[in-house]
Number of protein chains: 2
Amino acid sequence: MSAATPAPRMTRQRREILEALDTRDFRSAQAWHERLRSEGSTIGLATVYRGLQSLADQGEVDAVVAESGETLYRRCEAGEEHHHHLRCRGCGKAVEIDVPEFEAFAHRIAEQHSYGDIQHTIELTGICPECAAAGKD
Amino acid sequence: MSAATPAPRMTRQRREILEALDTRDFRSAQAWHERLRSEGSTIGLATVYRGLQSLADQGEVDAVVAESGETLYRRCEAGEEHHHHLRCRGCGKAVEIDVPEFEAFAHRIAEQHSYGDIQHTIELTGICPECAAAGKD
DNA sequence: GGCACAGATGAGAATGATTGTCGAAATCAG
DNA sequence: CTGATTTCGACAATCATTCTCATCTGTGCC
């Protein structure tokens with residue numbers, strides 16, 4: 001019974017959002033909205049929010065919640081490898097890291113506790129060589 | 001030359017917050033406030049927010065941002081073995097998990113990049129059996 | 001192509017969490 | 001105890017996000 005997802009209409013606005021999502025950055029809905037506006041679109045903020053959410057539901061974009069509480073969106077490269085960052089607490093510089101073992105580990109733990117729909121976040125921070133040299137600790 | 005952190009005063013309110021934080025649950029500032037009020041305290045909401053934040057800064061409590069954007073707090077057991085949680089996105093129930101391999105992994109990565117004073121956070125979330133049964137997904 | 005209608009849009013109001021303000025009350029040093 | 005500061009509590013303000021509602025527009029149908 002019941003339709004899975006009513007498939008949203010392809011409107012001008014929805015197309016614009018998809019086009020704007022070409023950079024690989026995580027940005028807030030407001031930031032994407034600003035970008036669209038600065039490129040001449042007349043799209044409304046609420047529409048950007050609605051669009052990003054429905055795209056996230058469809059798995060077209062990834063959404064993460066920042067520490068500030070804002071939700072950041074980024075186009076989801078299908079088949080892209082999941083990775084994390086090692087960020088410097090002094091200067092903010094981030095290095096990408098892979099944690100391949102962890103992906104499997106997360107699912108194993110989840111199964112042990114019968115939890116479903118697992119998601120994980122790994123935050124690795126430290127002091128980079130430059131900041132350490134500058135005494136920033 | 002300047003004190004590092006002005007060490008907050010131990011007021012009745014601050015003590016009440018610490019006392020309320022006896023359960024190991026992750027709860028929102030508002031939820032802790034409600035609990036304090038229901039136990040007879042006259043503490044204000046802003047005070048609870050300020051108290052929890054300063055406790056988080058001191059490392060006395062852990063703070064995580066839920067998907068809704070709310071910040072959840074839980075007392076951090078001092079001297080407790082470092083561990084992480086598998087938290088339910090439906091009801092907030094958390095299960096402690098060990099990720100022994102990860103501790104070593106974090107240090108290995110840090111060394112590769114010459115980063116020092118490493119800290120890490122692992123957030124594992126899913127839907128617990130009860131919530132899954134209740135259709136909360 | 002033209003028509004009807006459900007779904008989408010945009011402007012602005014509403015919501016909800018969190019933070020700022022400020023006079024009053026409480027803490028800590030002396 | 002007394003005074004200098006910090007913290008409190010009530011409430012206003014802020015910020016991201018969601019809702020409302022009148023209007024517009026894909027889409028299926030003729």
Side-chain angles (χ1 to χ4, degrees), chain A residues 2-21 25-58 60-74, chain B residues 2-21 25-58 60-74 89 92:
Chain A
S2 77
T5 309
R9 289 185 186 168
M10 183 50 65
T11 60
R12 172 176 56 81
Q13 292 83 348
R14 195 176 178 81
R15 207 173 305 124
E16 287 180 354
I17 293 175
L18 254 352
E19 281 170 23
L21 288 162
D25 300 337
F26 270 112
R27 301 193 193 184
S28 67
Q30 313 220 22
W32 288 117
H33 177 242
E34 264 181 50
R35 170 171 180 179
L36 283 160
R37 287 289 193 152
S38 76
E39 291 178 349
S41 173
T42 59
I43 196 170
L45 178 57
T47 303
V48 175
Y49 272 104
R50 285 183 292 232
L52 287 171
Q53 282 173 177
S54 89
L55 288 168
D57 286 344
Q58 297 176 223
E60 293 287 317
V61 307
D62 281 335
V64 303
V65 181
E67 288 179 61
S68 64
E70 299 178 312
T71 302
L72 307 178
Y73 301 89
R74 187 196 56 171
Chain B
S2 74
T5 308
R9 290 183 184 171
M10 183 51 65
T11 59
R12 172 176 57 80
Q13 292 82 351
R14 197 177 176 80
R15 206 173 306 119
E16 287 180 355
I17 292 176
L18 253 354
E19 281 171 23
L21 288 161
D25 300 337
F26 270 111
R27 300 193 194 184
S28 67
Q30 314 222 22
W32 288 117
H33 178 241
E34 265 182 48
R35 171 170 177 179
L36 283 160
R37 287 289 194 152
S38 74
E39 289 177 350
S41 173
T42 58
I43 196 169
L45 178 56
T47 303
V48 174
Y49 272 103
R50 285 183 291 233
L52 288 170
Q53 282 172 177
S54 88
L55 288 168
D57 286 343
Q58 298 176 221
E60 292 288 315
V61 307
D62 283 333
V64 301
V65 181
E67 290 176 68
S68 63
E70 295 178 306
T71 303
L72 307 178
Y73 301 89
R74 188 204 55 171
R89 288 195 295 277

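As the structure is a prediction and not an experimental result, all values here were calculated from the model. Below, chains carry the letters A, B, ... as their sequence lines are ordered, and counting in each starts from 1.
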*Could you pull out the closest heavy-atom pair between B/Ile17 and B/Val48, with the gap in Å?*
CD1-CA, 4.0 Å
_Using modelled atom types and a 3.5 Å cut-off, is there a donor and acceptor pairing between side-chain atoms of B/Trp32 and backbone atoms of B/Arg27?_
yes
*Write down the distance between CD (B/Glu70) and C1' (C/dA17), rounded to a whole number of angstrom.*
8 Å
*Would you say the side-chain atoms of B/Arg74 pair up with the backbone N or O of B/Val61, donor to acceptor, closer than 3.5 Å?*
no
_In this structure, how many angstroms lie between the C1' atom of C/dA8 and the CG atom of A/Asp57, rounded?_
16 Å
*Starting from P on C/dT9, measure out to NE2 on A/His33 and report it in whole angstrom.*
12 Å
*At their closest point, which heavy atom of A/Arg37 faces which heavy atom of A/Ile43, and how far apart are they?*
NE-O, 2.9 Å
*When you check every protein heavy atom under 4.0 Å of nucleotides 19-29 of chain D, what one-letter string (B, S, -) results, 5' to 3'?*
BB----BBS--
*Difference in axis direction between the ends of the helix from C/dG1-D/dC30 to C/dG30-D/dC1, five pairs, 10°*: 50°
*For the pair A/Glu39 and A/Arg35, evaluate salt bridge (Lys or Arg N to Asp or Glu O under 4.0 Å) and give the outcome as yes or no after the intermediate values.*
CA-CA 6 Å; A/Glu39 291 178 349; A/Arg35 170 171 180 179; 3.0 Å; yes
*Going from CD on A/Gln58 to CD on A/Gln53, what distance comes out if it is rounded to the nearest 0.5 angstrom?*
12.5 Å
*Using a 4.0 Å heavy-atom cut-off across all strands, classify B/Gln53 as base, sugar-phosphate, or nothing.*
sugar-phosphate
_Interatomic distance, B/Arg27 CZ vs C/dT18 P [rounded to whole Å]_ = 15 Å
*Heavy atoms, side chains only, cut-off 4.5 Å: are B/Phe26 and B/Val64 in contact?*
yes
*Base, sugar-phosphate, or nothing: which does A/Ser68 touch, judged by heavy atoms less than 4.0 Å apart?*
nothing
_What's B/Thr71 touching, base or sugar-phosphate or nothing? Going by heavy atoms closer than 4.0 Å._
sugar-phosphate
*For the side chain of B/Gln30, starting at C-beta, report the closest nucleotide among D/dA10, D/dG9, C/dA17.*
C/dA17
*Work out which heavy atom in A/Ala20 is nearest to a heavy atom in A/Leu36; give both atom names and the distance.*
CB-CD2, 3.7 Å
*asked:* I need the CG-C1' distance between A/Leu36 and C/dT9, as an integer number of Å.
replied: 14 Å
*Between C/dT18, D/dT17, C/dT9, which nucleotide gets closest to the side-chain atoms of A/Leu45?*
D/dT17
*Just by modelled atom types, is the B/Thr47 backbone N or O under 3.5 Å from a matching donor or acceptor in the B/His33 side chain?*
no
*asked:* For a quick test of reading the model: is some side-chain N or O of A/Tyr49 closer than 4.0 Å to OP1 or OP2 of D/dT18?
replied: no
_Interatomic distance where CZ belongs to B/Arg14 and C1' belongs to C/dC28 [whole Å]_ = 15 Å
*Starting at atom CD of A/Glu16, determine the distance to atom P of C/dA8, rounded to an integer number of angstrom.*
16 Å
